[in-house]
Amino acid sequence: MIAHTSLAVSNYRSSKAFYEKALAPLGYKNNMEFGDAAGFNDGKNTDFWIGESETVSPTHLAFEAKNKDEVHAFYDAALKAGGKDNGKPGYRKDYWPGYYAAFVHDPDGHNIEAVWYDYDAGK
């Protein structure tokens, strides 16, 4: 499994503020900072980082939620923090019968997702 990952962002301060709010419902807190880079911890590991860069190539990153409510809370918090809707919370049966997710674009256009795996769906 991946121990940690990072995203390049064009504006460190606005992106840090976005991720502090958007990831809070998933249990993440900003716990480390080095210059224009910030690490976010989910209670186990500082596994997500952002860092300012002159070059940003939008990418996709998914965070696992513990339940359907967390997916909704992430989506609402991300929109309130300035994210743009890229897929309301719901089942993505074309992905997998129990794939419940929501998608937002962050300030740089990264496609950020919260997903919950409903293993009871489709039984």
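When side chains are defined from C-beta on, His110 does not count as touching Phe18, because their heavy atoms never get closer than 4.5 Å. Side-chain atoms of Thr46 and His4, non-hydrogen and from C-beta on, never get closer than 4.5 Å to each other. Residues Leu26 and Asp42 form no side-chain contact, since every pair of their non-hydrogen atoms from C-beta on lies 4.5 Å or further apart. No side-chain heavy atom of Phe63 sits under 4.5 Å from any side-chain heavy atom of Glu70. Considering only heavy atoms from C-beta on, Tyr91 comes within 4.5 Å of Asp118 through its side chain.
Taking the six-membered ring where the residue is Trp, Trp96 and Tyr119 present perpendicular rings, their angle passing 60° and hence far from 30°.
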Quiz item: Given the rule in the side chain to side chain contact (heavy atoms under 4.5 Å, CB included) test, do Ile2 and Asp47 qualify, once you have shown the distances and angles that lead to the verdict?
Solution: CA-CA 8 Å; Ile2 297 169; Asp47 57 11; over 6 Å; no
Exercise. Show your working on side chain to side chain contact (heavy atoms under 4.5 Å, CB included) between Lys84 and Val104 and close with a plain yes or no.
Key: CA-CA 5 Å; Lys84 303 223 181 328; Val104 297; over 6 Å; no
Quiz prompt | side chain to side chain contact (heavy atoms under 4.5 Å, CB included) assessment of Phe74 paired with Tyr28 | solution = CA-CA 11 Å; Phe74 156 81; Tyr28 277 86; over 6 Å; no
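When all heavy atoms of Tyr12 and Ala38 are compared, the pair lying nearest together is OH-CB, 3.3 Å. Listed here is the closest heavy atom pair of Val9 and Val56: C-CG2, 3.6 Å. Nearest heavy-atom pair across Gly98 and Ala121 is CA-CB, 3.7 Å. For the pair Lys21 and Ala81, the tightest heavy-atom approach, listed with the atom from each and the gap, is CB-CB, 3.8 Å. Nearest approach of Pro58 to Gly109, heavy atoms of both residues: CB-O, 3.6 Å. Of all heavy-atom pairs spanning Gly90 and Arg92, the tightest one is O-NH1, 2.9 Å.
Under a hydrophobic clustering in which Ile, Leu, Val, Met, Phe, Trp and Tyr are joined whenever their side-chain heavy atoms come within less than 4.5 Å, directly or via other members, Leu61 and Trp49 fall into different clusters. Linking ILVMFWY residues whenever their side-chain heavy atoms come closer than 4.5 Å, directly or via other members, places Val115 and Tyr95 in the same cluster.
Rounding to the nearest 0.5 Å gives a distance of 11.0 Å between NE2 of His60 and CG of Leu7. To the nearest 0.5 Å, the span separating CG on Asp76 from NZ on Lys88 amounts to 10.0 Å. Atoms NE2 and CG, from His105 and Asn111 in turn, are 4.5 Å apart once rounded to the nearest 0.5 Å. We find the CD1-OG1 distance between Ile50 and Thr5 to be 12.5 Å, quoted to the nearest 0.5 Å.
A centroid separation of less than 6.0 Å is found between the aromatic rings of Tyr117 and Tyr99.
Each salt bridge (charged side-chain N to carboxylate O under 4.0 Å, His left out) pair with one or both residues in residues 97-114, not counting sequence neighbours, would appear here, but there are none.
For Asn41 (side chain) and Asn30 (main-chain N/O), no donor-acceptor pair under 3.5 Å exists by modelled atom type.
Residues meeting the side chain to side chain contact (heavy atoms under 4.5 Å, CB included) test with Pro89, sequence neighbours left out: Val71, His72, Tyr75, Tyr100, Ala102. When the ring-ring contact (aromatic ring centres under 6.0 Å, His included) test is applied to Tyr19, the partners found at least two apart in sequence or on another chain are Phe48.
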